[in-house]
Amino acid sequence: MAKKRAIIGFKGVALAPVTENSITAYKTEAAIPIQFAGSMTRTPKETKQDIFYDDSLYTQIQDVTGDDVEVRSAEIPLDKLAELGLGTYDEATGQLEADFNIAGQTFAFRCVANTIDGLPMYFNWRAFDLTGIRFDNFATKGASITVCEVIMTGVFKRPQLASAKPYAIRQPKDDGSDLEACDAWLAAAETLPAL
């Protein structure tokens, strides 16, 4: 009997800096893991226009340019933010000099989703334009524990290379014999078209 693949969790986020995104090539560096992923929400970015002639609908134009994305993590260490190119980290003082009004930072966004039967699904969105990072949940109430969430916002888009699909999905074999290969795929650099 085939494994049940219904998704019940979200983990293993990794961001691979995109070094080339053109009409002739797509390349990333190796992925940088981000621990403690909490949730991800996606909202399609689309425009619709109805064109009427003779008082009837002549055509309907719909353009989907990507997905607005918000990813919440319990924390992202400051040295990881620097490793992603989002600031300069001073290890001696533990200080990150950063500007989170980000422009022009594109990553391949990879993650793992747990399933009912324990065999995860692996996702690779090839163009994630990071638009901002913010921190949330500073306040506490009484003796409650509050996590300082890091919230990344951005847009999933198509790569410019026409032959590169917007995302790739990997599914382990039912017996789990290729889980190590799937984990390696999550962290690897990527080149399209393949050399």
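Nothing here was measured: the structure is a model prediction, and the numbers come from that model.
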Does a sphere of radius 6.0 Å around CD1 in I23 hold more than 12 heavy atoms from other residues, nucleotides or ligands, not counting ones at 6.0 Å or beyond? no
Whether the side chain of R110 engages the backbone of L186 through a donor-acceptor N/O pair (distance < 3.5 Å, no angle test) should be reported. yes
Main chain of S177, side chain of D175: is a donor-acceptor contact present, judged purely on distance under 3.5 Å? yes
Decide if atom OH of Y89 counts as having more than 12 heavy atoms of other residues, nucleotides or ligands within a radius under 6.0 Å. yes
Under the side-chain contact (heavy atoms from CB on, under 4.5 Å) rule, collect the residues that match up with V150, sequence neighbours excluded. I76, I133, F135
May I ask you to list the residues sharing a hydrophobic cluster with Y26, side-chain cutoff 4.5 Å, ordered by chain and number? V18, L161, L192
So, the side chain of D129 versus the backbone of V155: is there a donor-acceptor pair under 3.5 Å, distance only? no
Among N114, I169, V112, which residue meets the side chain to side chain contact (heavy atoms under 4.5 Å, CB included) test with M121? I169
With D79, which residues qualify under salt bridge (Lys or Arg N to Asp or Glu O under 4.0 Å), at least two apart? none
Just verifying a value: how many Å separate E190 CD and T28 OG1, rounded to the nearest 0.5 Å? 5.5 Å
With sequence neighbours left out, the residues meeting side-chain contact (heavy atoms from CB on, under 4.5 Å) with E70 are T41, R72, R134, I151, T153
For a quick check under 3.5 Å, do S56 and D54 share a side-chain donor-acceptor pair by atom type? no
Can we call the ring centroids of F128 and F156 under 6.0 Å apart? yes
Any salt bridge (charged side-chain N to carboxylate O under 4.0 Å, His left out) involving residues 83-95? Give me the pairs, sequence neighbours left out, ordered by first then second residue. K80-E83
Within the 3.5 Å criterion, strictly below it, is a donor on T43 or D68 matched to an acceptor on the partner's side chain? no
Ignoring hydrogens and angles, tell me if any N or O in the side chain of R170 forms a donor-acceptor pair with the backbone of F123 under 3.5 Å. no
Which residue pairs pass the ring-ring contact (aromatic ring centres under 6.0 Å, His included) test when at least one of the two sits in residues 27-57, sequence neighbours left out? Y53-Y58
